[in-house]
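This report refers to the structure that appears directly beneath it.
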Amino acid sequence: MDTPAGFGVVVNQNEYMSRGDTDMHAIVTVTASGLRSAGLPRPAAEVIMIDCSGSMDAPPTKIAAARQATCAALGVLRDGTLFAVVKGTHRAEVVYPADGRLAVADERTRTEAVAAVNRLISDGGTAMSTWLALAARLFAPHPGLIRHSILLTDGYNGEPRQVLDAALRRCADAFVCDVRGIGADWSPQEVRRIGEVLHGDVDAVRRPADLPADFTGLVESAMGKAVADLQLRVKPMPFARLRQVKQVLPAEVDLTDRGTRLDDGTVRFPTGNWGDEARAFGVWLEVDTDALSVGEPAQAARVSLAVDDAEVPAGSAAIRATLTEDFRLSIRLDPVVRHYDGETELGEHIEAGCGAYDADDLPRAAERWGRAVALATRLGNEDSLRRLLRLVEVVGDPADGRVVVRPGLTAEDIRWAGMSSTRSSIAPGVADGVPRVEAEAAGPDRQCPRCSYVSPPTARFCGRCRHELAGGAGP
């Protein structure tokens, strides 16, 4: 496809390092805008996988909500979208269309699919690997489309973990899968694992009645996607080593093991389907400060974007490192970096509180959830705060973190709140004055032909011997 316009990259970091420091942490915010006005979104394919195991009938409101939600999702499919509905039990079965292939959405096929969905009943076990494998086979003949799926489950996977992991490896980067857990008897770890590998949104459905609106929103979002896979690329310089890359907005997903190293040392990371949206990524580098000269900024890594292995114009920025003898500069923390560090801590408190509650340690649960309430208040994470307030009653100012655990909490309440532990809120000030390094600072560092010192890409003169560098853009 043609490389779309409308992508931007901003880096937030503290570039100053004292001698002997090694760790460099940067937040890379990627924004996409105006994709629809560029003749997009692209054609899409949708597969909805519904858990129809026997437990979905206990209570029957779960399977009824699944049928209603799937019918609602079918109703918002754009004409021309390819789609199928899969019944998932101890095996996978295409319930529509009857020929086992993707149908083309129009008034007739949507009506037929609704009729087929309304005949779904619950029976059998749970083997999610077969559901995902069938979705992959349905998507396989259509590599150029936005390929999106939804997986709904109410129970633990009945297969050994290695079976599901093998299926996920085969499906990785083949399609995006949003995952929902309904009821109280499913595994948050399994749901998160599927969503992380398949670049999907994961969440709990607290009440069956909430499911139709949730499914509709997921499909409408998928219909607005315009790029099938945006790659984030990081190229560290010789004096830096890439340690970790993690998506930190809208949810925390560790991408480190998903990276592929190219011949020039660049590591590319798949990020899934994109529409008009913003995401943020944490990049951690190990920097050799002995290779730096005091006061001379050097590009520690170049961050860029690519679609279909073609770099996005202007979609790049630099992560810088500057050696300083001013200790105050080296310990200063960028506000955006601090925000996402806080989001990670918030998630840890939410999960720890849920674990303590499950272990009947209510004082410990109150302590950790209270700290989470205080952090969510400070960070402006309204979604996490809303979910926490289902679990606790605040005493006094929420910023103080003094709470009392509410009586009569259900397992659904705990699941719903716990799933917010990996969800983040966007850092305030990203677009209004926070220090940043813009795309024009990116490019290859410039090595001096006289002394071999590496200067930043815009340098006109060598930072060590002042030899003039051919083609430099600096003053």
**Asked** Hey, is the main chain of Ala174 close enough, under 3.5 Å, to the side chain of Arg147 for a donor-acceptor pair?
**Response** yes

**Item:** Any donor-acceptor N/O pair, Asp358 side chain to Gly355 backbone, under 3.5 Å
**Value:** no

**Asked** Distance from Cys354 atom SG to Arg368 atom CZ, nearest 0.5 Å?
**Response** 11.0 Å

**Asked** Taking NZ, NE, NH1 and NH2 as the nitrogens, is one of them in Arg19 or Asp290 under 4.0 Å from a carboxylate oxygen of the other?
**Response** no

**Item:** Donor + acceptor pair across side chains of Ser129, Glu159 (<3.5 Å)
**Value:** yes

**Shortest non-hydrogen contact between Glu46 and Ala222, atoms and distance** = OE1-CB, 4.0 Å

**Request:** Look up atom CD in Glu412 and atom CZ in Arg390, then write down how far apart they are to the nearest 0.5 Å.
**Result:** 11.0 Å

**Asked** Between the side chain of Thr266 and the main-chain N/O of Leu262, is any donor-acceptor distance below 3.5 Å?
**Response** no

**Prompt:** Okay, side chain of Arg193, backbone of Asp165: is any donor-acceptor separation there less than 3.5 Å?
**Reply:** no

**Message:** For the residue pair Arg378 / His339, report whether a side-chain donor-acceptor contact shorter than 3.5 Å exists.
**Reply:** no

**Request:** Answer yes or no: is there a donor N or O on one side and an acceptor on the other, between the side chain of Thr271 and the main chain of Leu230, under 3.5 Å?
**Result:** yes

**Message:** So that I can tick it off, tell me whether Asp254 and Lys246 are bridged by a salt bridge, with the cut-off set at under 4.0 angstrom between side-chain N and carboxylate O.
**Reply:** no

**Request:** Taking Thr22 for its side chain and Val287 for its backbone only, find out whether a donor-acceptor pair lies under 3.5 Å.
**Result:** no

**Donor-acceptor contact below 3.5 Å, side chain Glu343 vs main chain Ser425** = yes

**Message:** Quick check against the 3.5 Å criterion: does Ser420 have a side-chain atom that pairs as donor or acceptor with the backbone of Trp416?
**Reply:** no

**Message:** Under a 3.5 Å threshold, yes or no: a donor from one side chain and an acceptor from the other, between Thr324 and Asp326?
**Reply:** no

**Prompt:** Any ion pair linking Asp288 and Arg241 (charged N to carboxylate O, less than 4.0 Å)?
**Reply:** no

**Message:** Please evaluate residues Glu277 and Arg279 with respect to the criterion salt bridge (Lys or Arg N to Asp or Glu O under 4.0 Å), reporting the C-alpha separation (whole Å), side-chain torsions for both, the decisive distance (0.1 Å), and the verdict.
**Reply:** CA-CA 7 Å; Glu277 59 188 289; Arg279 302 186 202 175; 2.9 Å; yes

**Asked** Do Ser304 and Ser316 have side-chain atoms, one donor and one acceptor, less than 3.5 Å apart?
**Response** no

**Fill in**
Result for salt bridge (Lys or Arg N to Asp or Glu O under 4.0 Å) between Arg268 and one of Asp173, Asp229, Asp309 points to Asp309

**Prompt:** Does a donor on one side chain and an acceptor on the other come within less than 3.5 Å for Thr422 and Glu252?
**Reply:** no

**Fill in**
With sequence neighbours left out, the residues meeting salt bridge (charged side-chain N to carboxylate O under 4.0 Å, His left out) with Asp203 are Arg387, Arg423

**Request:** Give, for atom CD of Glu345 and atom CG of Leu379, the distance between the pair rounded to the nearest 0.5 Å.
**Result:** 8.5 Å

**Request:** For residues Arg406 and Val392, report the shortest heavy-atom separation together with the two atoms involved.
**Result:** NE-O, 3.1 Å

**Message:** So that I can tick it off, tell me whether Glu382 and Arg386 are bridged by a salt bridge, with the cut-off set at under 4.0 angstrom between side-chain N and carboxylate O.
**Reply:** no

**Glu311 with Arg302: basic N within carboxylate O range, under 4.0 Å** = yes

**Request:** Measure across Leu375 and Gly342 and return the closest heavy-atom pair with its distance rounded to 0.1 Å.
**Result:** CD1-O, 4.0 Å

**Request:** Look at the aromatic rings of Trp284 and His25 and report parallel, tilted or perpendicular, splitting at 30° and 60°.
**Result:** parallel

**Complete:** When every non-hydrogen atom of Gly282 is compared with those of Val248, the smallest separation belongs to N-CG1, 4.0 Å

**Request:** Applying side chain to side chain contact (heavy atoms under 4.5 Å, CB included), name anything that partners Val76, two or more places apart in sequence or on another chain.
**Result:** Thr216, Val219, Glu220

**Request:** Check the side chains of Ser421 and Glu351 for a donor-acceptor pair under 3.5 angstrom, ignoring hydrogens and angles.
**Result:** yes

**Prompt:** Has the side chain of Arg415 got a donor or acceptor atom that lies under 3.5 Å from a matching backbone atom of Ala204?
**Reply:** no

**Donor-acceptor contact below 3.5 Å, side chain Asn14 vs main chain Leu333** = no

**Fill in**
With Val30 as partner, the option from Leu305, Val303, Leu249 fulfilling side-chain contact (heavy atoms from CB on, under 4.5 Å) is Leu305

**Request:** Compare all side-chain heavy atoms of His148 with those of Phe175 and state whether any distance is below 4.5 angstrom.
**Result:** no

